[in-house]
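Residue numbers start from 1 in every chain, and the chains themselves are labelled A, B, ... in the order their sequence lines are given, proteins ahead of strands.
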Amino acid sequence: MDKEIWDTTVSKVSRHVEQEVRLKGWLYNKRSSGKILFLILRDGTGIIQCVASKAVLGDELFARMDGLNQESSLIIQGHVRKDDRAPGGYEVQVTSCEIVAEALPEYPITLKEHGPDFLLDHRHLWIRTPTQRSILAIRSEVMRACRDYLDSQGFLEVSAPILTPSACEGTSTLFETPYFGEKAYLSQSGQLYNEAAIMALGKVYCFGPAFRAEKSKTRRHLTEFWMVEPEAAFMTFEELLVLEENLITYIIDRVLDKRSEELKTVGRDPSDLEGIAPPFPRMTYSQAVELLKKENVEIEWGDDFGAPHETMLASLHRKPLFVTHYPAKAKAFYMEPDPERPETVLAADLLAPEGYGEIIGGSQRISDYALLKQRIEEHRLPVDEYNWYLDLRKYGAVPHSGFGLGIERMVAWICHLDHLREAVPFPRTITRLRP
RNA sequence: UCCUCGAUAGCUCAAUGGCAGAGCAUCCGGCUGUUAACCGGAGGGUUGCAGGUUCGAGUCCUGCUCGAGGAGCCA
């Protein structure tokens with residue numbers, strides 16, 4: 001009787017020890033020894049060593065496999081064995097092999113080192129490597145965790161528009177695009193639309209790309225990045241911070257649970273992330289300034305923090321750090337003043353450890369019509385474009401809060417990346433629009 | 001926009017102002033347990049571009065282009 005053949009994936013191969021399996025994938029590397037051949041196959045779920053011998057396969061098929069180029073696509077059938085000599089502990093003794101498509105020689109991404117510019121020019125191929133695949137798998141897990149957690153807390157996902165009529169904030173540079181005779185801009189945030197949506201749905205979040213035309217040339221900036229932005233009616237500032245702590249903790253726990261293999265592949269020791277749990281340390285802006293002055297860092301009350309300030313403050317803790325109660329002048333127009341000290345606002349930035357900077361910016365929002373209108377005017381924003389936003393304060397205003405979590409910065413921190421551009425499949429920076 | 005650094009083989013990098021090199025990749029050959037396999041051989045160059053100094057420039061000088069990461073900026 002014929003043996004049963006299991007169609008499976010590399011990630012599930014350990015369930016099929018001493019069984020016959022069929023794997024579909026690409027040739028990642030190959031080591032040849034004349035009459036025995038080691039084929040390293042990757043299939044999107046992992047990589048595994050396949051052993052081909054001339055005695056089993058015959059001269060003709062063996063020679064064809066021996067001549068395969070890196071990245072050729074294959075369907076390999078074989079017998080799974082546990083073997084300590086194999087990387088990963090399991091290998092497949094090949095019984096037959098279908099060559100789906102032979103790759104051309106001189107695949108650009110070799111197993112040796114490459115420079116960042118070369119790799120980014122070949123990003124469409126670079127993502128096939130184990131490290132990049134793992135980062136993207138972790139990114140997917142982070143995004144799914146955001147949705148799962150917020151859904152479990154009763155939030156509804158609302159899609160905010162990408163094409164918007166004006167600069168929401170008025171301060172940062174936006175990408176402009178023609179729009180049937182007028183100008184439209186790519187969204188830098190869905191927050192204002194979220195504030196409308198919570199008055200209909202209570203608790204919402206939007207999840208999408210955000211765009212900034214700033215000429216930032218640092219490892220912490222992209223021109224196109226992804227944010228999840230929760231917003232909730234009746235949520236106070238204190239409740240906001242608790243939500244942020246819980247979301248971050250949930251994401252970390254999820255990645256530790258589901259993607260520990262990928263964490264190891266990207267070189268992050270999972271134990272670095274264990275113990276990230278509420279409560280997170282907190283510090284007011286004023287306390288932070290005092291602390292920086294004590295360390296002889298040049299800063300005056302009222303100045304916004306730069307990257308070195310953030311890095312120094314965040315390096316005091318293993319957990320992310322809340323910095324709260326910023327001066328109103330240094331922050332966005334819609335933030336609610338602190339009733340006890342109205343020159344400051346009920347805003348909090350969450351700074352990731354290890355120099356990854358601000359992963360969350362959030363605040364309670366102004367709910368008073370007159371004050372909000374005054375702030376819009378003070379910031380010299382076009383009031384007409386904000387009439388709909390002001391309407392929200394006319395018809396049943398409530399205290400409400402929200403925040404934005406930067407997905408790439410979160411992924412970069414979790415994966416211990418040295419640049420945000422590896423945290424997104426196809427990064428967009430000031431100097432890179434392709435591939 | 002500013003500061004700093006960089007550009008040499010497909011890739012990663014060497015080369016006191018004096019013959020343009022290595023490893024990997026590619027091609028050919030060898031090897032039955034390899035681990036970024038190894039061993040032998042071959043091909044592969046407008047040294048980013050344009051000028052200048054010099055007997056002689058990859059190397060020194062000037063300008064430009066492109067890139068890097070830091071500042072500024074940044075929900």
K.L.:
Under 3.5 Å, is there any donor-acceptor pair linking the side chain of A/Thr110 to the base of B/rC11?
P.N.:
no
K.L.:
How far does the C1' atom of B/rA9 sit from the matching atom of B/rA20, given to the nearest Å?
P.N.:
10 Å
K.L.:
When you compare B/rU47 with B/rG6, how far apart are their C1' atoms, in angstrom units rounded to a whole number?
P.N.:
14 Å
K.L.:
What is the separation between atom CG on A/Asp117 and atom C1' on B/rU12, rounded to the nearest whole Å?
P.N.:
14 Å
K.L.:
Between P on B/rC11 and CD on A/Glu106, what's the gap in Å once rounded to a whole number?
P.N.:
11 Å
K.L.:
Would you indicate what A/Pro108 reaches in the nucleic acid, counting non-hydrogen atoms under 4.0 angstrom: base, sugar-phosphate, or nothing?
P.N.:
nothing
K.L.:
Considering only the C1' atoms, how many Å lie between B/rA71 and B/rG56, rounded to the nearest integer?
P.N.:
43 Å
K.L.:
Please classify the nucleic acid contact of A/Gln70 as base, sugar-phosphate, or nothing, using heavy-atom distances under 4.0 Å.
P.N.:
nothing
K.L.:
Any strand is fair game: report the nucleotide pairing with B/rA25 by Watson-Crick or G-U wobble, both distances under 3.5 Å, or none.
P.N.:
none
K.L.:
Can you see if the side chain of A/Thr431 gets near the phosphate of B/rA68 - specifically, an N or O under 4.0 Å from OP1 or OP2?
P.N.:
yes
K.L.:
Among B/rG69, B/rU34, B/rG33, which nucleotide sits nearest the side chain of A/Lys217?
P.N.:
B/rG69
K.L.:
Hey, is the side chain of A/Arg219 poking within less than 4.0 Å of OP1 or OP2 on B/rG70, counting only N and O atoms?
P.N.:
yes
K.L.:
Compare the minimum distances between each of B/rU34, B/rU26, B/rG69 and the side chain of A/Gln49, then state the nucleotide with the smallest one.
P.N.:
B/rU34
K.L.:
A/Leu222 CG to B/rA68 C1': how many Å, rounded?
P.N.:
15 Å
K.L.:
Please classify the nucleic acid contact of A/Glu91 as base, sugar-phosphate, or nothing, using heavy-atom distances under 4.0 Å.
P.N.:
base
K.L.:
Checking side-chain polar atoms at under 3.5 Å, does A/His416 have a donor or acceptor matched by the opposite partner on A/Glu354?
P.N.:
yes
K.L.:
Hey, what's the ring geometry for A/Tyr326 with A/Tyr285, parallel, tilted or perpendicular (30° and 60° as the breaks)?
P.N.:
tilted
K.L.:
Have a look at A/Phe38 and say if it touches a base, only the backbone sugar-phosphate, or nothing, with a 4.0 Å heavy-atom cut-off.
P.N.:
base
K.L.:
Would you name the heavy atoms of A/Leu27 and A/Leu41 that are closest together and state the gap between them?
P.N.:
N-CD1, 4.4 Å
K.L.:
Taking any strand in view, what nucleotide pairs with B/rU16 in a Watson-Crick or G-U wobble way, both distances under 3.5 Å?
P.N.:
none
K.L.:
Closer to the 5' end of RNA chain B via nearest nucleotide, is it A/Arg432 or A/Ile360?
P.N.:
A/Arg432
K.L.:
Applying a 4.0 Å non-hydrogen cut-off, can you work out what A/Gly115 is touching in the nucleic acid: base, sugar-phosphate, or nothing?
P.N.:
sugar-phosphate
K.L.:
Are A/Tyr205 and A/Phe403 an aromatic pair by the rule of ring centers under 6.0 Å?
P.N.:
no
K.L.:
Checking all strands, does A/Lys215 fall into the base, sugar-phosphate, or nothing category for heavy-atom contacts under 4.0 angstrom?
P.N.:
base
K.L.:
Is A/Lys82 close enough and on-axis enough to A/Tyr90, meaning under 6.0 Å and within 45°, for cation-pi?
P.N.:
yes
K.L.:
Please report whether the ring centroid of A/Tyr193 lies less than 6.0 Å from that of A/Trp388.
P.N.:
yes
K.L.:
Please pick, from B/rA71, B/rU26, B/rU32, the nucleotide with the shortest atom-to-atom distance to any side-chain atom of A/Pro308.
P.N.:
B/rA71
K.L.:
Which heavy-atom pair separates A/His221 from A/Leu420 by the least distance, and what is that distance?
P.N.:
N-CD2, 3.8 Å
K.L.:
When the P atoms of B/rC11 and B/rU16 are considered, how many whole Å apart are they?
P.N.:
23 Å
K.L.:
Between A/Tyr326 (OH) and B/rC74 (C1'), how many Å, whole number?
P.N.:
13 Å
K.L.:
Taking only the side-chain heavy atoms of A/Arg85 (C-beta and beyond), determine which of B/rC27, B/rA71, B/rU34 contains the nearest atom.
P.N.:
B/rU34
K.L.:
Just name whichever nucleotide pairs with B/rG63, Watson-Crick or G-U, keeping both distances under 3.5 Å, else none.
P.N.:
B/rC49
K.L.:
Closest approach of A/Leu247 and A/Leu405, non-hydrogen atoms and distance?
P.N.:
CD2-CD2, 4.1 Å
K.L.:
At under 4.0 Å between heavy atoms, what does A/Ser53 touch on the DNA or RNA strands: base, sugar-phosphate, or nothing?
P.N.:
nothing
K.L.:
Both A/Lys30 and A/His419 contact RNA chain B. Which one's nearest nucleotide lies toward the 5' end?
P.N.:
A/Lys30
K.L.:
Taking only the side-chain heavy atoms of A/Lys112 (C-beta and beyond), determine which of B/rU12, B/rC27, B/rC24 contains the nearest atom.
P.N.:
B/rC24
K.L.:
Do the side-chain N and O atoms of A/Thr9 and A/Asp43 include a donor-acceptor pair separated by under 3.5 angstrom?
P.N.:
no
K.L.:
What's the CG-P distance between A/Leu119 and B/rA68, to the nearest Å?
P.N.:
13 Å
K.L.:
Mind checking the C1' distance from B/rG58 to B/rA15? Whole angstroms is fine.
P.N.:
8 Å
K.L.:
Does B/rG69 have OP1 or OP2 sitting under 4.0 Å from an N or O in the side chain of A/Arg421?
P.N.:
yes
K.L.:
Please report, rounded to the nearest Å, how far the C1' atom of B/rU26 is from the CD atom of A/Glu71.
P.N.:
16 Å
K.L.:
Quantified in whole Å, what is the P atom distance between nucleotide B/rA57 and nucleotide B/rG48?
P.N.:
15 Å
K.L.:
Using a heavy-atom cut-off of under 4.0 Å over every strand shown, decide if A/Pro130 touches base, sugar-phosphate, or nothing.
P.N.:
nothing
K.L.:
With a 4.0 Å cut-off on heavy atoms, is A/Ala307 in touch with a base, just the backbone sugar-phosphate, or nothing at all?
P.N.:
sugar-phosphate
K.L.:
For atom C1', what is the distance between B/rU32 and B/rU12, given to the nearest Å?
P.N.:
33 Å
K.L.:
Now, which nucleotide makes the Watson-Crick or G-U wobble pair with B/rU1, with each of the two distances under 3.5 Å?
P.N.:
B/rA71
K.L.:
Can you tell me whether the side chain of A/His221 and the base of B/rC74 have a donor-acceptor pair closer than 3.5 Å?
P.N.:
yes
K.L.:
For B/rA50 and B/rC66, measure between their C1' atoms and round to the nearest Å.
P.N.:
15 Å
K.L.:
Counting only Watson-Crick pairs (N1-N3 plus N6-O4 or O6-N4) and G-U wobbles (N1-O2, O6-N3), all under 3.5 Å, who is the partner of B/rA9?
P.N.:
none
K.L.:
In whole Å, I'd like the distance from the NE2 atom of A/His309 to the P atom of B/rA71.
P.N.:
10 Å
K.L.:
Measure the distance from CG on A/Leu104 to P on B/rG10 and round it to the nearest whole Å.
P.N.:
18 Å
